[in-house]
**Student:** 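Okay, here's the structure, questions in a sec.
Just so we're on the same page: letters track the sequence lines, and every chain starts at 1.
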Number of protein chains: 2
Amino acid sequence: MTEAPRRQTRQRSAVLALLDDQDGFRTAQDLHALLRERGDAVGLATVYRALQALVDDGLVDVLRNEGEAAYRRCSPVHHHHLVCRSCGRTVEVADPPVERWAARVAAEHGFADVQHQLEVFGTCAACAAR
Amino acid sequence: MTEAPRRQTRQRSAVLALLDDQDGFRTAQDLHALLRERGDAVGLATVYRALQALVDDGLVDVLRNEGEAAYRRCSPVHHHHLVCRSCGRTVEVADPPVERWAARVAAEHGFADVQHQLEVFGTCAACAAR
DNA sequence: GATGCTCATGAGAATCATTCTCGCACAGGG
DNA sequence: CCCTGTGCGAGAATGATTCTCATGAGCATC
């Protein structure tokens with residue numbers, strides 16, 4: 001079927017490695033700048049392409065926030081995020097009840113093929129202290 | 001303090017009236033086009049300004065979806081959305097448990113000033129039939 | 001190790017939503 | 001009716017993301 005032959009290149013490894021070092025969501029532009037500083041010269045367009053591929057493969061999660069998208073290395077199991085709106089630090093959290101709730105509510109209204117997204121924003125202890 | 005002296009103009013009324021006629025999320029561009037068709041000539045920039053004002057006043061909810069923001073007339077009480085990803089039809093739903101859950105999880109991780117967003121996407125009965 | 005077929009890359013242009021600029025119009029209080 | 005300041009409109013500006021296309025590099029094969 002739609003086999004996706006994904007080639008392993010220096011640039012993609014660099015993007016993934018960089019994401020592993022981050023502990024919060026980062027925008028594509030940020031990641032690009034960070035790669036430059038690191039010495040890994042990667043084109044901006046390539047960073048976008050690599051991120052899209054990683055999202056498709058489920059290795060990275062996206063967060064669309066006013067105008068720009070932020071990316072983060074994530075575990076492949078279903079989960080939600082607790083994000084610091086100041087520093088971007090993120091904690092993965094699970095909430096089994098909400099899964100059932102979403103399915104039930106959707107069914108009640110005749111919706112099928114259900115998907116949901118839940119994000120919690122706040123100020124982490126470190127940022128609140130400042 | 002920060003009093004917001006909001007003037008009532010033909011354009012703002014038109015935007016709000018149009019939103020009342022829609023039963024799903026619509027992008028700013030869509031709303032602008034619809035106003036034109038209707039005969040209400042309103043500048044694109046004005047549509048954006050009116051929408052921002054309405055969001056600030058809590059009369060309208062925003063949904064950021066790949067690239068463009070969508071707006072919808074909403075009740076002022078806290079709620080979540082069940083959105084048809086095909087036709088955009090939307091149902092407002094409430095889930096008290098998730099409110100408590102969000103607060104508890106945030107507290108456990110030392111996060112303060114908590115806020116959360118939860119949206120459920122699916123295909124409504126009408127669209128699934130097609 | 002060389003060869004070839006593709007897909008990936010990179011620089012800059014192109015696209016698209018959104019915001020800004022600024023001169024003019026109008027809402028609303030006096 | 002007049003004044004003042006806010007809102008409007010058209011087009012330019014901004015900024016993120018995507019596209020184009022010629023060149024470079026995986027990876028399988030010989």
**Student:** When the distance from CZ of B:Arg49 to P of D:dG9 is rounded to whole Å, what number comes out?
**Tutor:**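 For the pair B:Arg49 CZ and D:dG9 P, the rounded distance is 8 Å.
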**Student:** Kindly give the heavy-atom pair with the smallest separation between A:Val114 and A:Ala106, and that separation in Å.
**Tutor:**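 Heavy atoms only, the tightest pair is CG2-CB, 3.3 Å.
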**Student:** Mind listing the closest non-hydrogen atom pair of B:Pro97 and B:Asp95 along with its distance?
**Tutor:**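 Scanning both residues completely, I find the closest heavy atoms to be CD-OD1, 2.9 Å.
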**Student:** For A:Asp56 and A:Arg6, which heavy atoms make the closest approach, and how far apart are they?
**Tutor:**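 Closest heavy-atom pair between A:Asp56 and A:Arg6: CB-NH1, 4.4 Å.
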**Student:** Of all the heavy-atom pairs spanning B:Arg73 and B:Leu59, show the shortest one and how long it is.
**Tutor:**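 Smallest interatomic distance, heavy atoms only, reads NE-O, 3.3 Å.
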**Student:** For the side-chain contact (heavy atoms from CB on, under 4.5 Å) test, which of A:Val60, A:Leu54, A:Asp40 pairs with A:Val15?
**Tutor:**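 Exactly one candidate clears the test, A:Leu54.
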**Student:** Under 3.5 Å, is there a donor-acceptor pair linking the side chains of A:Gln11 and A:Arg49?
**Tutor:**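 No, because no side-chain N or O of A:Gln11 sits under 3.5 Å from a partner of the opposite role on A:Arg49.
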**Student:** If each of B:Tyr71 and A:Val47 is mapped to the nucleotide of DNA chain C with the nearest heavy atom, which maps nearer the 5' terminus, i.e. the 5' end?
**Tutor:**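 This one resolves to A:Val47.
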**Student:** Kindly indicate whether the side chain of A:Asp21, heavy atoms from C-beta on, has any atom under 4.5 Å from the side chain of A:Leu34.
**Tutor:**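 They are not in side-chain contact.
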**Student:** Might you point out which heavy atoms bring A:Asp61 and A:Cys74 nearest each other, and give the distance in Å?
**Tutor:**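 Taking every non-hydrogen atom into account, OD2-SG, 3.3 Å.
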**Student:** By nearest heavy atom, map A:Thr27 and B:Gly43 onto DNA chain D; which one lands nearer the 5' end?
**Tutor:**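 Comparing both residues, the 5'-ward one is B:Gly43.
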**Student:** At a cut-off of 3.5 Å, list every protein nitrogen or oxygen paired with a nitrogen or oxygen from nucleotides 12-16 of chain D, distance to 0.1 Å.
**Tutor:**
none

**Student:** Show the nearest heavy-atom pair for residues B:Ala69 and B:Arg64, with the distance to one decimal.
**Tutor:**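 Closest approach of B:Ala69 to B:Arg64, heavy atoms only: CB-NH1, 4.1 Å.
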**Student:** How does protein reach along nucleotides 24-30 of chain D, written 5' to 3' as B (base within reach of a heavy atom under 4.0 Å), S (only sugar-phosphate), or - (no contact)?
**Tutor:** -BBS---
**Student:** Check every nucleotide of DNA chain C for an atom under 4.0 Å from a heavy-atom of chain B, then give the first and the last such nucleotide from 5' to 3'.
**Tutor:**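 In short, chain B contacts DNA chain C from C:dA17 to C:dG28.
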**Student:** Is it the case that B:Glu99 and B:His80 place a side-chain donor and acceptor less than 3.5 Å from each other?
**Tutor:**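 Distance-only check passes for B:Glu99 and B:His80.
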**Student:** Describe the nucleic acid contact of A:Gln52 in one word from base, sugar-phosphate, nothing, applying a heavy-atom distance below 4.0 Å.
**Tutor:**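 Since only primed, P, OP1 and OP2 atoms lie under 4.0 Å of A:Gln52, the category is sugar-phosphate.
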